[in-house]
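For reference, the structure is listed below as structure tokens.
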2 protein chains.
Amino acid sequence: MAGKPTLVSLARELGVSRQTISNALNAPHRVNVRTLERVLPAIEESGYRPHVAGRQLRTRRSRNLAMRLFASADGINGAILDRFLHALTEAAQRDGYRLTLFTAPDDEGEVAAIDELLSTADIDGFVLTSTHHDDARTAWLLEHDVPFVAFGRPWSSEDPFEAPHPWVDVDGGSGTSDATVHLLERGHRRIGFLGWPAGSGVGDDRRGGWQRALDAAGVDPATDELSLGVEDSVAEGARGARDLFARGATALVCASDSLAIGAVAAWRQGTPDASAEVPVIGFDDTPVAAALGLSSVRQPIEQVAEQTVTLLLKRFTGGAGGTAAPEHVLLPASLVLRTPDPHLLGLPPPGPGHPRP
Amino acid sequence: MAGKPTLVSLARELGVSRQTISNALNAPHRVNVRTLERVLPAIEESGYRPHVAGRQLRTRRSRNLAMRLFASADGINGAILDRFLHALTEAAQRDGYRLTLFTAPDDEGEVAAIDELLSTADIDGFVLTSTHHDDARTAWLLEHDVPFVAFGRPWSSEDPFEAPHPWVDVDGGSGTSDATVHLLERGHRRIGFLGWPAGSGVGDDRRGGWQRALDAAGVDPATDELSLGVEDSVAEGARGARDLFARGATALVCASDSLAIGAVAAWRQGTPDASAEVPVIGFDDTPVAAALGLSSVRQPIEQVAEQTVTLLLKRFTGGAGGTAAPEHVLLPASLVLRTPDPHLLGLPPPGPGHPRP
DNA sequence: GGTAGCGCGTTGAACGTTCAAAATCTGATT
DNA sequence: AATCAGATTTTGAACGTTCAACGCGCTACC
């Protein structure tokens with residue numbers, strides 16, 4: 001009675017052996033239906049839960065996934081990783097897995113932390129985020145035969161669909177392309193792209209979508225003139241946007257909501273009509289964008305998380321121990337259109353001012 | 001050679017018993033100095049790491065903490081919990097603990113999840129967040145004798161420092177008080193408070209700080225007139241702020257950055273002077289506030305996390321198993337002053353507009 | 001009627017660690 | 001030289017689970 005029930009204590013109470021209890025739960029087909037009917041309700045009623053440490057010791061499986069928690073650099077765009085974290089926790093939980101967090105100052109530290117976790121805490125698999133060009137982490141994980149799935153393509157020169165490891169990613173280019181098409185339909189012809197300096201896989205991908213849409217529409221892209229790469233911040237976004245508007249852009253597709261917020265401010269500076277449509281589209285559909293009424297490209301993070309877990313679990317149960325070719329999933333982004341509240345980020349009507357101290 | 005070293009394999013290799021290796025690592029004083037000198041470097045070199053499942057099975061300790069991951073409702077203010085999560089992971093890691101996440105739809109679900117975690121995965125302790133009035137979770141945890149620390153006071157009528165469980169919290173009232181004093185020093189006399197409907201512990205606490213500062217300065221608070229409680233969103237903040245300004249407020253202290261952002265927009269509507277100081281102060285110093293140049297009250301989240309872990313660990317190692325009185329830590333908030341970039345959330349100079357499509 | 005096979009259930013062993021008790025060694029004291 | 005205390009090391013057992021092997025009873029087949 002006292003203490004939690006174990007296989008042995010339960011077995012004694014029910015007059016069967018521990019293995020029968022274990023089988024009733026894990027391999028019911030091996031147990032006679034009549035015993036099953038007698039034993040299962042009793043187990044249920046006892047509130048028995050297998051102790052993970054015992055199971056882990058024997059099976060070498062922990063039902064534990066791990067992921068590095070990044071410091072959200074900007075905080076605005078960092079929100080996307082927080083959404084991912086939440087969705088991943090839920091997806092893992094649905095499949096009976098838990099998510100353990102760890103931090104690391106850099107990629108090297110992350111590899112060290114993974115190494116440590118592997119040798120102490122049987123973690124079954126890892127989730128990699130923020131993959132980038134020449135990512136040393138994937139190389140290490142592959143070499144050490146560690147099950148993992150990356151959120152993010154390998155941004156190398158080779159075809160990502162030929163990559164030796166599984167990944168899930170969002171087709172950002174399709175998102176910026178949709179955004180561009182939307183602006184074209186609104187009558188814009190000189191649509192600029194406000195992004196980051198060339199070289200970041202994610203940024204180049206988003207820029208590519210914008211360019212493809214312009215090409216497809218037969219509009220002269222004036223690519224070099226109407227595209228700009230700046231640091232990812234609101235202030236830089238405002239500065240960059242002013243520049244692009246000065247070059248004749250009438251609308252902007254941005255690589256992030258941070259940049260877009262800056263761009264909106266810059267645009268409002270030059271367009272005193274409060275009711276005018278705001279021709280700026282951001283990326284990631286962050287809470288700030290929603291709060292300010294900014295249109296933005298949304299990543300299907302919940303699906304990304306779901307797929308990530310699915311691929312990871314396949315990795316564990318995969319037939320001949322991972323001989324199956326790694327799978328790669330590219331999900332489409334979607335455009336979220338909003339009409340900004342004219343009183344936010346907005347213009348003052350020429351009414352009376354407020355009292356001053 | 002093949003496979004990871006275990007106590008037994010190491011012992012065989014070094015010609016000592018497993019227990020000696022174990023002692024060398026966990027209780028060096030029990031081992032002869034000469035053996036220690038011989039054995040320790042060899043252990044180090046072997047890369048041996050104790051296997052947590054084995055240890056956990058024997059010691060009933062997992063060195064694992066767990067916390068519920070909330071869906072960040074607003075997303076702007078949710079950022080505070082994400083900061084906490086990060087800091088907590090780091091603090092736990094420093095002390096050799098890991099953090100496991102779980103989700104739950106509500107408090108009842110959280111208790112169920114904790115119950116489940118307790119019976120399967122020896123979790124050593126839990127961290128509770130977002131405590132509120134009449135929190136059923138603390139009652140359950142206390143009753144079941146589960147080690148936990150709350151981030152947040154128990155918002156009941158009794159003296160929180162007499163609470164039967166340990167907690168860490170930030171003195172939000174001191175923050176809004178500082179903010180109010182700052183505005184008083186800038187010459188304001190009619191300072192309003194824009195918060196949430198009465199009844200939320202956190203909100204009432206922040207409102208209390210504002211009121212105390214006004215009382216102390218001998219300024220007629222006109223409490224009812226200049227204080228307003230609305231839903232926590234940017235739009236509601238703008239609406240509420242317009243209301244307060246109309247009642248003669250010249251400055252606002254807000255219970256959140258969401259509200260403050262709305263308030264800034266409302267204020268700009270009525271004050272066409274772009275260079276004027278913005279008499280609005282937010283709460284939580286979220287990334288958005290930083291990006292927009294909004295002054296805000298900052299919670300020392302890193303210290304909160306540090307203290308939370310410290311109290312939790314004390315709970316485990318506490319002399320006679322937790323007979324010591326629970327500890328309560330209240331940390332001061334600090335005021336972060338900023339000058340907003342006049343081009344963000346800003347006014348358009350009456351210059352030429354931008355080209356239109 | 002022997003035996004092969006199958007269904008079902010049990011037992012022994014092992015995963016890697018630490019606690020508790022027993023065994024051995026060292027040096028000093030009688 | 002025998003004894004004892006204390007320091008150091010080793011051994012047995014246990015934590016809770018699952019794998020592998022084994023045992024038993026029954027049926028079917030030749």
Side-chain angles (χ1 to χ4, degrees), chain A residues 2-40 42-43 46-64 96 118-124 316-317, chain B residues 2-40 42-43 46-64 96 118-124 316-317:
Chain A
K4 292 167 196 158
T6 70
L7 279 188
V8 177
S9 80
L10 251 185
R12 203 170 21 230
E13 235 165 284
L14 298 182
V16 292
S17 71
R18 32 174 228 286
Q19 188 66 31
T20 299
I21 311 260
S22 174
N23 283 338
L25 294 168
N26 302 324
H29 60 278
R30 289 194 189 163
V31 179
N32 187 307
V33 185
R34 289 181 45 199
T35 16
L36 215 52
E37 278 170 355
R38 184 169 66 87
V39 156
L40 273 186
I43 299 177
S46 76
Y48 168 78
R49 290 276 181 283
H51 195 278
V52 288
R55 169 177 287 173
Q56 179 178 347
L57 195 56
R58 180 69 237 221
T59 62
R60 322 315 318 248
R61 286 277 171 78
S62 65
R63 296 187 85 81
N64 238 314
L118 278 175
S119 48
T120 64
D122 283 33
I123 295 280
D124 289 345
F316 306 151
T317 57
Chain B
K4 292 166 194 158
T6 72
L7 278 188
V8 177
S9 79
L10 252 184
R12 205 172 16 232
E13 236 164 284
L14 299 181
V16 292
S17 71
R18 33 172 227 286
Q19 188 67 32
T20 299
I21 311 259
S22 175
N23 283 338
L25 294 169
N26 301 324
H29 62 277
R30 289 195 189 160
V31 178
N32 187 309
V33 186
R34 289 180 46 201
T35 7
L36 216 53
E37 278 170 354
R38 184 168 65 87
V39 156
L40 273 185
I43 298 176
S46 77
Y48 168 78
R49 291 276 179 284
H51 195 278
V52 288
R55 168 177 288 173
Q56 179 179 346
L57 196 55
R58 180 69 235 220
T59 62
R60 322 315 320 252
R61 288 277 172 78
S62 66
R63 296 187 87 80
N64 240 313
L118 277 175
S119 48
T120 62
D122 280 32
I123 296 280
D124 289 345
F316 306 152
T317 57

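Keep in mind it's a predicted model, so treat the numbers as computed, not measured. Order of the sequence lines sets the chain letters (A, B, ...), proteins ahead of strands, with each chain counted from 1.
- Side-chain contact between Pro28(B) and Asn23(B) is absent, with no heavy-atom pair separated by less than 4.5 Å.
- In this entry the distance linking CG of Leu57(A) with P of dA14(D) reads 17 Å, nearest Å.
- The separation between Ile21(B) atom CD1 and dT8(D) atom C1' is 15 Å, rounded to whole Å.
- The side-chain hydrogen bond (donor to acceptor under 3.5 Å, both in side chains) check on Thr59(A) picks up nothing, with sequence neighbours excluded.
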Report all interatomic pairs (protein N or O, nucleotide N or O of nucleotides 24-27 of chain D) with separations under 3.5 Å.
none

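- Rounded to a whole Å, the CZ atom of Arg12(A) is 13 Å from the C1' atom of dG16(D).
- Nearest-nucleotide mapping onto DNA chain D: of Val16(B) and Arg18(A), the residue sitting toward the 5' end is Val16(B).
- Here dA7(D) presents its C1' atom at 14 Å from CG of Leu36(B), a figure rounded to the nearest Å.
- Summary of helix geometry: the two end axes of the helix from dG1(C)-dC30(D) to dT30(C)-dA1(D), each defined by five base pairs via their C1' atoms, are inclined to each other by 80° (rounded to 10°).
- With sequence neighbours excluded, the residues forming a side-chain contact (heavy atoms from CB on, under 4.5 Å) with Ser46(B) are Pro5(B), Leu10(B), Tyr48(B), listed by chain and number.
- Atoms CZ (Arg60(A)) and C1' (dA14(C)) sit 10 Å apart, rounded to a whole Å.
- Exactly one residue among Asn26(B), Thr6(B), Val16(B), Val8(B) makes a side chain to side chain contact (heavy atoms under 4.5 Å, CB included) with Ile21(B). That residue is Val16(B).
- Relative to the side chain of His51(B), the nucleotides dT10(D), dG16(D), dG16(C) differ in distance, and dG16(C) lies closest.
- Rounded to a whole Å, the CG atom of Leu7(B) is 13 Å from the P atom of dT10(D).
- Residue pairs satisfying the side chain to side chain donor-acceptor pair (under 3.5 Å) criterion with at least one member in residues 31-40 of chain B, sequence neighbours excluded, are absent.
- Residues that satisfy the side-chain hydrogen bond (donor to acceptor under 3.5 Å, both in side chains) test with Arg12(B), not counting sequence neighbours, are absent from this structure.
- One finds the CG atom of Asn64(A) at 4.5 Å from the CD1 atom of Ile123(A) (value rounded to the nearest 0.5 Å).
- Partners of Arg60(A) by side-chain hydrogen bond (donor to acceptor under 3.5 Å, both in side chains), not counting sequence neighbours, listed by chain and number: His51(B).
- In terms of the salt bridge (Lys or Arg N to Asp or Glu O under 4.0 Å) criterion, Arg18(B) has no residue partners (sequence neighbours excluded).
- Comparing atom distances between the Tyr48(B) side chain and each of dT17(C), dT9(D), dG16(D) picks out dT17(C) as nearest.
- dT10(C) atom P lies 11 Å from atom CG of Leu14(A), rounded to whole Å.
- For DNA chain C, the residues of residues 22-33 of chain A within the heavy-atom distance limit of 4.0 Å (strictly under) are Val31(A), Asn32(A), sorted by number.
- Here the C1' atom of nucleotide dT8(D) and the CD atom of Glu37(B) are 16 Å apart, to the nearest Å.
- Considering only residues two or more places apart in sequence or on other chains, Thr120(B) meets the side-chain contact (heavy atoms from CB on, under 4.5 Å) condition with Arg49(A), Val52(A), Arg98(A), Glu116(B).
- The line from CG of Leu7(B) to OG1 of Thr20(B) is 10.5 Å long, rounded to the nearest 0.5 Å.
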Nucleotide N/O to protein N/O under 3.5 Å, stretch nucleotides 20-28 of chain C:
none

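- Remark: Arg55(A) pairs with no residue by the side-chain hydrogen bond (donor to acceptor under 3.5 Å, both in side chains) rule, at least two apart or across chains.
- Applying the 4.0 Å criterion to OP1 and OP2 of dG9(C), one finds that Thr35(A) has a side-chain N or O inside that range.
- Summarising the geometry of Ala11(B) relative to Ser17(B), their closest heavy-atom pair is CB-C, 3.6 Å, with the distance given to 0.1 Å.
- Within the structure, a side-chain polar atom (N or O) of Thr20(A) is placed less than 4.0 Å from OP1 or OP2 of dT10(C).
- As judged by a 4.0 angstrom heavy-atom cut-off over every strand, Ser17(B) is placed among the base-contacting residues.
- Considering only heavy atoms from C-beta on, Ile43(B) comes within 4.5 Å of Leu25(B) through its side chain.
- Taking every heavy atom of both residues into account, Ala24(A) and Val31(A) meet most closely at N-CG2, 3.8 Å.
- Taking only side-chain atoms of Pro50(B), from C-beta outward, the nucleotide of dG16(C), dT17(C), dT11(C) with the closest atom is dT17(C).
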